[in-house]
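Worksheet: one structure, shown below.
Positions are given from 1, in the same order as the sequence printed here. In what follows, every heavy atom counts, from backbone to side chain, and hydrogens, waters and symmetry copies are set aside. Everything quoted here is computed from the prediction, not taken from an experiment.
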Amino acid sequence: MNNNQYKSRNKGSNFIKEVISILLSVVVAYVLFILIRTFLFFPFEVVGNSMVPTLESGDRLILNRLGELDRFDVVVFPAPDTDTDSDNEEYVKRIIGIPGDEITYYKDDLFINGQLVEEHYLEPLKTAYSESQVTNDFSLLDIPGSTSAVVPPESYFVLGDNRQVSKDSRMFGFVPEDEIEGTSSLRIWPFDKIGFLEKNE
């Protein structure tokens, strides 16, 4: 084998190694992407106006699959009132009641375990609906399927911020913990609204 043939074969061998290396890098990156999207974080686009004024249709969020669920978290879950075999609709709502909470609304005020709790994220709506209530009066005994005045174990009571149009626990009952896909506190779109969501603190 002359020198030119050796160089040619060596170049071919190096090219194959580079291609294999690139392919392996692509496969590893893809696997990492799938793992992160499946088990850690994934993007979600808001559809509908049930979370106005906090979120508007078209807003995009980053959901955290590992976050612990807490009162006033914004969460995403499959729509309980649709046919899951034919519809992949998902709801974005706010947790109002955690297991063991007694929830009552009276004259537009939220009472949790008998204590008045301010909902700061509703102030724009209360101004807009100054002539009427944002949230109609009810207790958990009015909720479909409820047999107690408190949120049952491993379940959550959720509401949309836009109470006049939102389909939420008032209509379909409590949301089981294992159906909640993730929590979100970060909006990434539109650019002029990028930032963390208000959690009522």
Other hydrophobic cluster members with Phe191, side-chain heavy atoms of Ile/Leu/Val/Met/Phe/Trp/Tyr under 4.5 Å, chained? Trp189, Ile194

Mind checking the CG-CD spacing from Asn64 to Glu181? Nearest 0.5 Å is all I need. 13.0 Å

From Asn136 CG over to Asp142 CG, what is the distance, rounded to the nearest 0.5 angstrom? 11.0 Å

Quick note, ring pair (Phe, Tyr, Trp, His ring centres under 6.0 Å) partners involving residues 131-185, not counting sequence neighbours, are Tyr91-Phe172, Tyr105-Phe138, Phe138-Phe157

Leu140 and Ser146 have their tightest heavy-atom pair at O-OG, 2.9 Å

State whether the side chain of Ser169 and the backbone N or O of Leu159 hold a donor-acceptor pair below 3.5 Å, judged by distance alone. no

Taking side chain to side chain donor-acceptor pair (under 3.5 Å) as the definition, give me every residue that meets it alongside Ser50, ordered by chain and number, with sequence neighbours left out. Lys93

Tracing side-chain contacts under 4.5 Å among Ile, Leu, Val, Met, Phe, Trp and Tyr outward from Leu141 reaches none

Only counting residues at least two apart or in another chain, list the ones meeting side chain to side chain donor-acceptor pair (under 3.5 Å) with Thr135. Arg163

Mind jotting down which residue pairs meet the salt bridge (charged side-chain N to carboxylate O under 4.0 Å, His left out) criterion with at least one end in residues 95-115? Sequence neighbours excluded, please. Arg71-Asp101

For Leu116, the other hydrophobic cluster members (4.5 Å side-chain criterion, sorted by chain and number) are Tyr106, Phe111

So CD1 of Ile95 and CZ of Phe77: to nearest 0.5 Å the spacing works out to 9.0 Å

Value rounded to 0.5 Å, distance of CG in Asp178 from CD in Glu154: 7.5 Å

With a 4.5 Å limit on heavy-atom distance, are the side chains of Phe72 and Val117 in contact? yes

Answer whether the closest heavy-atom distance between the side chains of Val74 and Thr183 falls below 4.5 Å. no

For Val47, which fellow cluster members are found when Ile, Leu, Val, Met, Phe, Trp and Tyr are connected by side-chain heavy-atom distances below 4.5 angstrom, either directly or through intermediates? none

For the residue pair Ile103 and Leu110, establish whether any side-chain heavy-atom pair is separated by less than 4.5 Å. yes

Review item, side-chain donor-acceptor pairs of residues 54-63, under 3.5 Å, at least two apart:
unit_1, atom_1, unit_2, atom_2, d
Thr54, OG1, Arg94, NH2, 3.3
Thr54, OG1, Asp161, OD2, 2.4
Ser57, OG, Gly48, N, 3.1
Asp59, OD2, Glu56, N, 3.0
Asp59, OD2, Arg187, NH1, 2.9

Rounded to the nearest 0.5 Å, how far apart are CG of Leu69 and CD1 of Ile180? 5.0 Å

Partner set under side chain to side chain donor-acceptor pair (under 3.5 Å) for Asp137, not counting sequence neighbours: Gln133

Applying the 4.5 Å side-chain criterion to the ILVMFWY set and letting contacts propagate, would Val46 and Leu197 be lumped into a single cluster? yes

Run the side chain to side chain donor-acceptor pair (under 3.5 Å) test against Asp168 and tell me which residues pass, sequence neighbours left out. Ser166, Arg170

Can you get from Val134 to Ile112 by hopping between Ile, Leu, Val, Met, Phe, Trp and Tyr side chains that sit under 4.5 Å apart? yes

